[in-house]
A.B. asks: 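Starting off with a structure, shown below.
A note on names: the letters A, B, ... follow the listed sequences, proteins ahead of strands, and every chain is numbered from 1.
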Protein chains: 2
Amino acid sequence: MSRRTRLNQEMITNKALEIADRNGMETVTMAALAGELTIKSPSLYNHFKGLTEVKQAMSVKAIDLLYQHLKEAGIGKKEGSETIRAIGKAYIEFAKQHPGTYDASITAPYPYSENFQLAGEAIVGLIRESLSVYSLNEKEIMHVVRGLRSLLHGLVDLKRKGGFNLQVDIEDSQEMSLETFINGLNR
Amino acid sequence: MSRRTRLNQEMITNKALEIADRNGMETVTMAALAGELTIKSPSLYNHFKGLTEVKQAMSVKAIDLLYQHLKEAGIGKKEGSETIRAIGKAYIEFAKQHPGTYDASITAPYPYSENFQLAGEAIVGLIRESLSVYSLNEKEIMHVVRGLRSLLHGLVDLKRKGGFNLQVDIEDSQEMSLETFINGLNR
DNA sequence: TTGCAAAAACTAATGGCGTTAGTTACAATG
DNA sequence: CATTGTAACTAACGCCATTAGTTTTTGCAA
């Protein structure tokens with residue numbers, strides 16, 4: 001029998017992201033990963049140096065997936081608030097649909113991966129373009145990009161960590177907060 | 001010799017927060033905690049059911065400390081933007097000074113602790129007061145509170161996770177992002 | 001002050017994790 | 001078909017949380 005296709009880094013990384021999305025990032029262990037790939041955990045060391053390296057690979061793939069998702073959301077939108085709104089909503093949606101992958105995307109791998117850095121800069125570039133209608137200098141642009149990213153991450157992360165008591169709809173809060181920030185860009 | 005004062009939950013919780021601030025939340029283990037208290041780890045089970053319960057106690061104490069810090073920052077400030085600015089800066093400063101305690105404060109204990117909920121609501125109340133100058137209804141207030149909390153948490157968390165490439169000053173970004181959000185409250 | 005019960009320390013052991021070392025099976029290449 | 005490298009395996013170690021069972025300490029009542 002067998003006839004099993006040989007395992008490689010990509011297949012392992014995909015399975016790891018799948019587990020993270022299904023059961024949470026903290027359940028991605030060498031044992032769980034090996035189990036789902038129907039091998040024993042020491043065999044994984046033929047492909048990765050250790051769990052840290054697996055997580056690095058997850059980060060790189062994850063931030064790239066996030067970038068693709070945000071890019072598509074921005075296509076065809078008018079520059080300025082319309083694009084920012086679209087990207088912001090896509091960010092929140094991505095985190096909701098792929099919680100584990102999102103988690104992986106915000107954990108910067110150490111040591112720093114070039115691919116991770118590149119994908120991160122691509123996302124910055126995406127937002128940067130949408131800001132061209134506001135007259136901001138280079139530094140101000142970076143501040144705004146960081147602020148927007150922070151707001152979006154905070155909205156996503158606090159929801160996930162149970163930081164909001166219910167009663168008031170969370171998605172409404174996310175939408176309204178984004179509007180407040182966008183509104184604040186006009187001075 | 002000895003004459004050691006009997007250990008209790010409070011002393012253990014304080015030591016746990018101390019370790020978290022010094023070496024990071026992930027280094028708070030039963031073994032490390034016991035080691036610093038010069039006992040063996042099974043002895044901790046005379047005081048807590050397990051690590052989860054220790055972390056619950058940390059959360060409760062941590063969010064209360066955060067609340068005290070924010071409350072003091074708001075004293076004597078004019079309502080509205082001035083108070084929001086003060087509380088926001090205090091939030092960021094707290095996370096910088098006490099990274100482990102901050103970490104504990106945003107991880108909602110499960111099962112939900114009443115004390116945790118109360119301290120959380122106290123923080124909401126603090127921000128709520130500062131918003132009275134803006135004419136917002138109940139729901140809108142909650143949205144703004146959540147948005148502000150999210151922005152602040154995002155700014156703090158992304159910095160910690162290495163989500164900002166350097167070059168542009170992070171503290172400037174934090175300050176400017178807060179201003180953008182505050183500015184967005186005027187419509 | 002002494003004796004006793006409760007509290008809190010201890011040792012020993014289990015099972016799960018990441019990881020390493022050493023060994024075997026497979027599969028591609030000549 | 002033989003060889004060689006790849007990728008699987010088993011066995012073992014150290015660290016972790018946790019449990020069970022035992023001994024020491026402590027506070028209080030007689």
A.B. asks: Nearest whole Å is fine: how far is dT23(C) C1' from Tyr45(A) OH?
C.D. replies: 18 Å
A.B. asks: Identify which nucleotide among dT10(D), dT18(D), dA9(C) has an atom closest to any side-chain atom of Pro42(A), counting heavy atoms from C-beta outward.
C.D. replies: dT10(D)
A.B. asks: Taking N or O atoms only and anything under 3.5 Å, show me the protein contacts with nucleotides 3-6 of chain D, one pair per line.
C.D. replies:
| unit_1 | atom_1 | unit_2 | atom_2 | d |
| --- | --- | --- | --- | --- |
| dT6(D) | O3' | Arg6(A) | NH2 | 3.1 |

A.B. asks: Check this for me, if you would: do Arg85(A) and Glu82(A) make a salt bridge, where the nitrogen-to-carboxylate-oxygen distance has to be below 4.0 angstrom?
C.D. replies: no
A.B. asks: Return the residues of residues 18-32 of chain B meeting this criterion: a heavy atom under 4.0 Å from some atom of DNA chain C. Order them by number, or give none.
C.D. replies: none
A.B. asks: Can you measure Leu33(A) atom CG to dA8(D) atom P for me and round it to whole angstrom units?
C.D. replies: 12 Å
A.B. asks: Using atom NZ of Lys40(A) as one end and atom C1' of dT20(C) as the other, report the distance to the nearest whole Å.
C.D. replies: 18 Å
A.B. asks: In terms of side-chain geometry, is the basic nitrogen of Asp157(B) or Arg160(B) positioned less than 4.0 Å from the acidic oxygen of its partner?
C.D. replies: yes
A.B. asks: Applying side chain to side chain contact (heavy atoms under 4.5 Å, CB included), name anything that partners Val28(A), two or more places apart in sequence or on another chain.
C.D. replies: Ala16(A), Ile19(A), Ala20(A), Met58(A)
A.B. asks: Tell me whether the rings of Phe94(A) and His69(A) are parallel (<30°), tilted (30 to 60°) or perpendicular (>60°).
C.D. replies: tilted
A.B. asks: Checking only heavy atoms, does the side chain of Asn46(A) share a donor-acceptor pair with the base of dA8(D) at less than 3.5 Å?
C.D. replies: yes
A.B. asks: Taking only distance into account, with no hydrogens and no angle test, what donor-acceptor pairs under 3.5 Å do side-chain atoms of residues 70-80 of chain B form with protein atoms, sequence neighbours excluded?
C.D. replies:
| unit_1 | atom_1 | unit_2 | atom_2 | d |
| --- | --- | --- | --- | --- |
| Glu79(B) | OE1 | Ser132(B) | OG | 2.7 |
| Glu79(B) | OE2 | Ser132(B) | OG | 3.4 |

A.B. asks: At under 4.0 Å, does any side-chain N or O of Ser43(A) touch on OP1 or OP2 of dC9(D)?
C.D. replies: yes
A.B. asks: Do Glu121(B) and Arg128(B) sit within salt-bridge range, that is, some charged N less than 4.0 Å from a carboxylate O?
C.D. replies: no
A.B. asks: Counting only N and O atoms by type, is there a donor-acceptor contact under 3.5 Å from the side chain of Asp21(A) to the main-chain atoms of Thr101(A)?
C.D. replies: yes
A.B. asks: Under the criterion side-chain contact (heavy atoms from CB on, under 4.5 Å), which of Lys96(B), Lys159(B), Glu93(B), Lys89(B) is the partner of Gln174(B)?
C.D. replies: Lys159(B)
A.B. asks: Please pick, from dT19(D), dA9(C), dG18(C), the nucleotide with the shortest atom-to-atom distance to any side-chain atom of Leu7(B).
C.D. replies: dA9(C)
A.B. asks: Do Phe116(B) and Leu118(B) share a hydrophobic cluster (ILVMFWY, side-chain heavy atoms under 4.5 Å, transitive)?
C.D. replies: no
A.B. asks: Tell me: CD1 of Ile39(B) to P of dA8(C), nearest whole Å?
C.D. replies: 11 Å
A.B. asks: Determine whether the side chains of Asn14(B) and Lys61(B) contain a donor N or O and an acceptor N or O closer than 3.5 Å.
C.D. replies: yes
A.B. asks: Please list, one pair per line, the donor and acceptor atoms closer than 3.5 Å that link side chains of residues 47-55 of chain A to other protein atoms, with sequence neighbours excluded.
C.D. replies:
| unit_1 | atom_1 | unit_2 | atom_2 | d |
| --- | --- | --- | --- | --- |
| Glu53(A) | OE2 | Lys49(A) | N | 3.3 |

A.B. asks: Which of residues 47-59 of chain B sit near DNA chain D, with a heavy atom under 4.0 Å from it?
C.D. replies: Gly50(B), Leu51(B)
